[in-house]
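Everything on this sheet refers to the single structure shown next.
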There are 2 protein chains.
Amino acid sequence: MNQEICQVNLIHEECVAAAQQQMPQLATIEQLATVYKLLGEPSRLKIMLSLRTCEMCVCDLAAMLDSTPSAISHQLKLLRISGLVQSRKKGKMVYYSLAKNSVQQMLLEGLNYAVEKKA
Amino acid sequence: MNQEICQVNLIHEECVAAAQQQMPQLATIEQLATVYKLLGEPSRLKIMLSLRTCEMCVCDLAAMLDSTPSAISHQLKLLRISGLVQSRKKGKMVYYSLAKNSVQQMLLEGLNYAVEKKA
DNA sequence: TCCATATATGAATAGGTATTCAAGCGTTAA
DNA sequence: TTAACGCTTGAATACCTATTCATATATGGA
């Protein structure tokens with residue numbers, strides 16, 4: 001059986017056309033998927049949720065998540081590269097905080113969803 | 001070098017304590033991480049973005065994403081299990097649509113973030 | 001009944017990734 | 001300079017997962 005193509009080429013052409021029309025740009029979708037993927041890892045999500053309260057150094061986060069500085073540092077690097085967190089160096093320590101964009105709003109909306117869903 | 005524990009046990013105790021206090025329940029965090037992970041896969045994210053427009057059958061989605069019904073069906077199963085989409089059977093076809101909860105709001109907020117960030 | 005179609009599913013494979021371990025860098029204080 | 005500390009980094013391993021392929025189920029029509 002050929003699964004590559006449906007026999008009826010497009011079953012609901014108007015719908016598909018309309019959906020394609022209002023589809024965001026590919027770059028936007030990929031950007032969004034990247035952020036979601038980063039937040040989809042429990043350790044990283046916990047880091048982000050922790051940083052809502054105040055800026056923290058790597059050791060603080062390692063204590064929060066019961067993890068190692070190395071593991072946390074690896075995760076922070078990914079978050080930093082994608083612009084979800086920013087860092088500030090002070091002596092031997094590096095303080096991390098949430099980036100000053102709408103990530104926080106996104107997180108709040110996500111939490112709202114998760115809490116609503118539990119009920 | 002011992003990386004397990006920081007020498008200074010908690011460098012910013014007040015901050016860590018405050019963050020722990022306002023940390024959501026573990027179940028909520030895991031729920032949220034699951035949703036983010038599902039949305040973090042470009043194919044699945046495209047499915048969700050497509051379904052904002054109108055309900056679609058598997059073939060429609062396969063056409064939208066230039067994929068196979070089998071691959072789409074596998075993804076839809078994951079989205080269905082986690083309650084992000086719902087399905088309705090009509091004859092040989094199965095129509096999928098976004099679940100009637102705040103996922104749509106979440107997606108909008110995400111898009112808002114991604115678009116803002118590009119600029 | 002028999003066949004074609006739309007979808008679902010299980011197993012296998014290939015690709016991706018989180019953590020660990022070991023080592024390195026940069027800063028501070030002696 | 002030396003040592004200690006906080007952090008970073010690269011490689012390796014072990015785990016996870018998306019897609020493919022083959023097959024199965026279910027519905028509708030001849």
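Protein chains get the first letters and strands the later ones, always in sequence-line order, with residue 1 at the start of each.
Between the C1' atom of D:dT27 and the NZ atom of B:Lys90 lies a distance of 13 Å, rounded to the nearest Å. In this entry the distance linking CZ of A:Arg88 with P of D:dC7 reads 12 Å, nearest Å. A straight line from CG of B:Leu79 to C1' of C:dT7 spans 16 Å, rounded to a whole angstrom. When rounded to the nearest whole Å, the span between NZ of B:Lys92 and C1' of D:dT25 equals 13 Å. Counting to the nearest Å, the P atom of D:dG6 and the CG atom of A:Asp60 are 11 Å from each other. Distance B:His12 NE2 to D:dG6 P: 11 Å, rounded to the nearest Å. Atom OH in A:Tyr95 sits about 8 Å away from atom P in D:dC7, given to the nearest Å. One interatomic measurement links the two molecules: NZ of A:Lys77 to P of D:dA11, which rounds to 11 Å at whole-angstrom precision.
For the side chain to side chain contact (heavy atoms under 4.5 Å, CB included) test, residues two or more places apart in sequence or in another chain that qualify with A:Gln104 are A:Leu98.
A donor-acceptor contact under 3.5 Å is not formed by the side chain of A:Ser70 with the base of D:dC7.
Taken residue by residue, residues 36-55 of chain B places heavy atoms nearer than 4.0 Å to DNA chain D at B:Lys37, B:Glu41, B:Ser43, B:Arg44.
Looking at A:Arg88, its side chain never comes within 3.5 Å of a backbone N or O of A:Tyr95 through a donor-acceptor pair. Looking at B:Thr68, its side chain does come within 3.5 Å of a backbone N or O of B:Ala71 through a donor-acceptor pair. At least one donor-acceptor pair closer than 3.5 Å links the side chain of A:Glu41 to the backbone N or O of A:Ser43. In this structure, A:Thr34 contributes its side chain and A:Glu30 its backbone to a donor-acceptor pair below 3.5 Å.
Of the candidates A:Gln21, A:Gln20, A:Gln22, B:Thr53 forms a side chain to side chain donor-acceptor pair (under 3.5 Å) with just one, namely A:Gln22.
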Would you please test A:Leu26 and B:Lys46 for side chain to side chain contact (heavy atoms under 4.5 Å, CB included) and show each step?
CA-CA 10 Å; A:Leu26 186 57; B:Lys46 286 176 191 165; 4.0 Å; yes
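Residues B:His74 and B:Gly91 each lie close to DNA chain D; by heavy-atom proximity, the contact nearer the 5' end of the strand is made by B:His74.
Residue B:Leu78 is in sugar-phosphate contact alone, with no base atom involved, counting any heavy-atom pair closer than 4.0 Å across all strands shown.
Under 4.0 angstrom from either OP1 or OP2 of C:dT17 there lies no side-chain N or O belonging to A:Gln75.
Looking at the side chain of B:Tyr96, the nearest of the listed nucleotides D:dC7, C:dA8, C:dG26 is C:dA8. With D:dG6, C:dA8, D:dT8 as the candidates, the nucleotide lying closest to the side chain of B:Ser73 is C:dA8.
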